[in-house]
Amino acid sequence: MIEERGLPTFSATYMWQLRTGRADNPTKKHMDALAAFFGVPQDYWSNRATASTVNNMITRLNGFKESGTSPDQLHRQLEAFTKLMGQGVTPEVINEQLETLARLKEAGVTSATLKRLQDARVTGIAMRAVGLSDEGLTAAAAMIDQVRRLEGLPSEPDT
């Protein structure tokens, strides 16, 4: 799998030796290849603070498995966080993003809903509702429900 990604390769035997402690001095090239493969920063293997931060991220990301997030999606997210760290984004900022995702998940917001909210038109409509009175919000909701009925959609979208 490492070779498929175009990374520096080594034998399965050498990997087994590393995993079992029979080999304990991998080259920087091999360490960097493993870091790239797993989507972690290059100093993951040598910097305890980085390893601790990334391990916390992995633990938090694994919490999203139960909501149907695939291992591939989680791996891509870890790679994205690693890239952000490489660009100078602090672990605290990334952890806050993970906290926000966890709160959204607890509130029942799905990834499909988040994708819909990325549509600037949907977000624009929601943002224009900010500041409306209770009566104004009720009227806006009624208008949106009417448009949904006209388009043959249920009054409440799937979340």
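One-based numbering along the sequence shown.
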request  = State whether the side chain of Thr82 and the backbone N or O of Leu78 hold a donor-acceptor pair below 3.5 Å, judged by distance alone.
outcome  = yes

task = Could you pull out the closest heavy-atom pair between Pro8 and Ala33, with the gap in Å?
result = O-CB, 3.5 Å

task = For residues Glu96 and Val93, determine if any side-chain heavy atom of one lies less than 4.5 Å from a side-chain heavy atom of the other.
result = no

message = Is it the case that atom CD in Glu4 sees more than 12 heavy atoms from other parts of the structure closer than 6.0 Å?
response = no

inquiry  = If we ignore hydrogens and angles and just use 3.5 Å, is the side chain of Asp43 paired with the main-chain N or O of Ser46 as donor and acceptor?
reply    = no

key: Contact check, side chains of Leu84 and Gln97, non-hydrogen atoms, under 4.5 Å   = yes

request  = Tell me whether Phe37 is reachable from Leu74 by hopping between hydrophobic residues (I, L, V, M, F, W, Y) whose side-chain heavy atoms are closer than 4.5 Å.
outcome  = yes

query = Who passes side-chain contact (heavy atoms from CB on, under 4.5 Å) against Thr27, sequence neighbours left out?
reply = Lys29, His30

query = Any sub-3.5 Å donor-acceptor pair from Arg60's side-chain atoms to Leu98's backbone N or O?
reply = no

Taking only distance into account, with no hydrogens and no angle test, what donor-acceptor pairs under 3.5 Å do side-chain atoms of residues 136-147 form with protein atoms, sequence neighbours excluded?
{"residue": "Thr138", "atom": "OG1", "partner": "Asp134", "partner atom": "O", "Å": "2.9"}
{"residue": "Gln146", "atom": "OE1", "partner": "Arg149", "partner atom": "NH2", "Å": "3.0"}

key: Neighbour count >12 (heavy atoms, 6.0 Å) for atom CZ, Arg48   = no

Exercise answer: donor-acceptor pairs, residues 13-21 side-chain atoms, under 3.5 Å, sequence neighbours excluded:
{"residue": "Thr20", "atom": "OG1", "partner": "Trp16", "partner atom": "O", "Å": "2.9"}
{"residue": "Thr20", "atom": "OG1", "partner": "Gln17", "partner atom": "O", "Å": "3.4"}
{"residue": "Thr20", "atom": "OG1", "partner": "Arg22", "partner atom": "NH1", "Å": "3.1"}

message = With a 4.5 Å cut-off on side-chain heavy atoms, are Asp72 and Arg76 touching?
response = yes

message = Going by ring pair (Phe, Tyr, Trp, His ring centres under 6.0 Å), name the pairs with one or both residues in residues 51-110, residues two or more places apart or in two chains.
response = none

message = In this structure, would Ile125 and Val122 fall into the same cluster of hydrophobic residues linked by side-chain contacts under 4.5 Å?
response = no

ask   = Nearest heavy-atom pair of Pro41 and Ala35: which atoms, and what distance?
value = O-CB, 3.7 Å

request  = Kindly work out whether a path of hydrophobic side-chain contacts (I/L/V/M/F/W/Y, heavy atoms less than 4.5 Å apart) joins Leu104 to Met57.
outcome  = yes

task = Report yes if the side chains of Thr90 and Ile94 come closer than 4.5 Å at any heavy-atom pair, otherwise no.
result = no

remark   = One should read off an interatomic distance between Leu61 CG and Gln77 CD, to the nearest 0.5 angstrom, of 6.0 Å

query = What heavy-atom pair brings Pro26 and Met31 nearest, and what distance separates the two atoms?
reply = CG-CG, 3.7 Å

message = Tell me whether Glu151 contacts the main-chain N or O of Arg148 through its side chain, where contact means a donor paired with an acceptor under 3.5 Å.
response = no

message = Running the 4.5 Å side-chain criterion over Ile, Leu, Val, Met, Phe, Trp and Tyr, what cluster does Val130 land in, apart from itself?
response = Met127

message = Test of understanding: with side-chain hydrogen bond (donor to acceptor under 3.5 Å, both in side chains), list the residues that count as partners of Thr9, not counting sequence neighbours.
response = none

task = Go through the steps to decide whether Thr53 and Tyr44 satisfy the test side chain to side chain contact (heavy atoms under 4.5 Å, CB included), and finish with yes or no.
result = CA-CA 9 Å; Thr53 298; Tyr44 176 82; over 6 Å; no

